Amino acid sequence: MMLLEVSDLESFYGASQALFGVDLAVEEGQVVALMGRNGMGKTTTIRSICGLTPPRTGTIRFAGVAITSLKPHRIARRGIGLVPEGRRCFPNLTVEENLVAAARGGHWTRERIETLFPRLGERRGQYANSLSGGEQQMLAIGRALMTNPRLLILDEATEGLAPVIRQDIWASIRALKAEGQSILVVDKTMSELLPVADRCVVLEKGMTVWSGLPGDLNEDIRNRYLGV
Ligand code: ATP
């Protein structure tokens, strides 16, 4: 079943247009990689889906229901869990308090999060602002999962993290995928992102220019739209 269907999205920051026609879809249980060079509209697409930058035109359907321009908390309650760029946790709450504050009842509990991320169990009583960047990202993912989202969205899943920690994050994403969690993910490290993705969507200047299987992302498309 199609979980998320975004069509022909156009979004603005004030008078400045950032999205000019974004289309993307996430099937239940899929991991979809949202790709494109800096400034091509990945974060704005995510913000639009989550209601933080409501689109001016286009439609967003989630589990078959239009959610375009609902308030962010309503969209969250329908089952979209966001791990924003910059991993925002409550700095003056402990790891445990951060997790419990996000709890909504359901599959995900603090214990399950601590099984996914053993480090969070070890740091249970520490304040979030005393954690390393990688631990904060684990906590941010944990917080999003505590809402039992049908779709988890990660913006810059591993940005700024040390290689060992990045591998922990990718391992957790693989574990979630194995459980059937649907995920939309942005990350700059293509070589780490592609192996976990079922499908890719490529943005260029605020538009979807390509989507397909990771294996079909050929040299031509890489050079043209993802050029490094
Ligand atoms: P990055 O990888 O650098 O985060 P991105 O693909 O996520 O890039 P966006 O952040 O969505 O791209 O930016 C898309 C366009 O919108 C860019 O031209 C950017 O300059 C513009 N933009 C982003 N945020 C704002 C803002 N708050 N106000 C005005 N313009 C913005």
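Order of listing sets the numbers, starting from 1, for every ligand and every atom in it. Just so it is clear, the structure is predicted and the values come from calculations on it, not from any experiment.
Annotation: atom 12 (O) of ligand 1 to nearest protein heavy atom, Gly41 N, 3.1 Å. Nearest to atom 10 (O) of ligand 1 among the protein's heavy atoms is Thr43 CB, 3.7 Å. Here the protein heavy atom with the shortest distance to atom 2 (O) of ligand 1 is Lys42 NZ, 3.2 Å. Among protein heavy atoms, the minimum distance from atom 23 (C) of ligand 1 is reached at Tyr13 CE1, 3.4 Å. At the top of the distance list for atom 9 (P) of ligand 1, counting protein heavy atoms only, stands Thr44 OG1, 3.6 Å.
Checked against Glu96 for a salt bridge (Lys or Arg N to Asp or Glu O under 4.0 Å), the options Arg124, Arg110, Arg123, Arg143 give a single hit: Arg110.
For Ser7 (side chain) and Asp23 (main-chain N/O), no donor-acceptor pair under 3.5 Å exists by modelled atom type. Proximity of a side-chain donor or acceptor of Asp187 to a complementary backbone N or O of Thr158 within less than 3.5 Å is detected.
Considering backbone and side-chain atoms together, Thr45 places no N or O closer than 3.5 Å to any N or O of ligand 1.
The cationic atom of Arg78 (NZ for Lys, CZ for Arg) does not lie both less than 6.0 Å from the six-membered ring centre of Phe62 and within 45° of the ring axis.
For atom 15 (C) of ligand 1, the nearest protein heavy atom lies closer than 4.0 Å. Shown here, atom 20 (O) of ligand 1 is out of close reach of the protein: none of its heavy atoms lies under 4.0 Å off.
The atoms of ligand 1 that sit less than 4.0 Å from any heavy atom of Lys188 are 2 (O). Ligand-side atoms of ligand 1 in range of Glu85: 4 (O), range being under 4.0 angstrom from any heavy atom. Atom numbering of ligand 1 starts at 1 in the shown order; those under 4.0 Å from a heavy atom of Met40 are 5 (P), 6 (O), 12 (O). Interface atoms of ligand 1 facing Glu156, defined by a heavy-atom separation under 4.0 Å, are 2 (O). Under a 4.0 Å criterion applied to the non-hydrogen atoms of Ala18, ligand 1 contributes the atoms 15 (C), 16 (O).
Other residues, nucleotides and ligands place more than 12 heavy atoms under 6.0 Å from the CZ atom of Phe20. Within a 6.0 Å radius of CZ in Phe12, more than 12 heavy atoms belonging to other residues, nucleotides or ligands are found.
No side-chain N or O of Thr44 forms a donor-acceptor pair with one of Ser11 less than 3.5 Å apart.
In this structure, Pro55 and Ile60 have side chains that are in contact, with non-hydrogen atoms separated by less than 4.5 Å. Looking at Thr57 and Asp8, their side chains never come closer than 4.5 Å, going by heavy atoms from C-beta outward.
Here the shortest heavy-atom pairing between Lys177 and Ala197 reads NZ-C, 4.3 Å.
Nearest-heavy-atom check against atom 3 (O) of ligand 1 across Gly39, Ser16, Gly14 picks out Gly39.
When heavy-atom distances to ligand 1 are checked against a 4.0 Å cut-off, Arg37 comes that close only through its backbone atoms N, CA, C and O.
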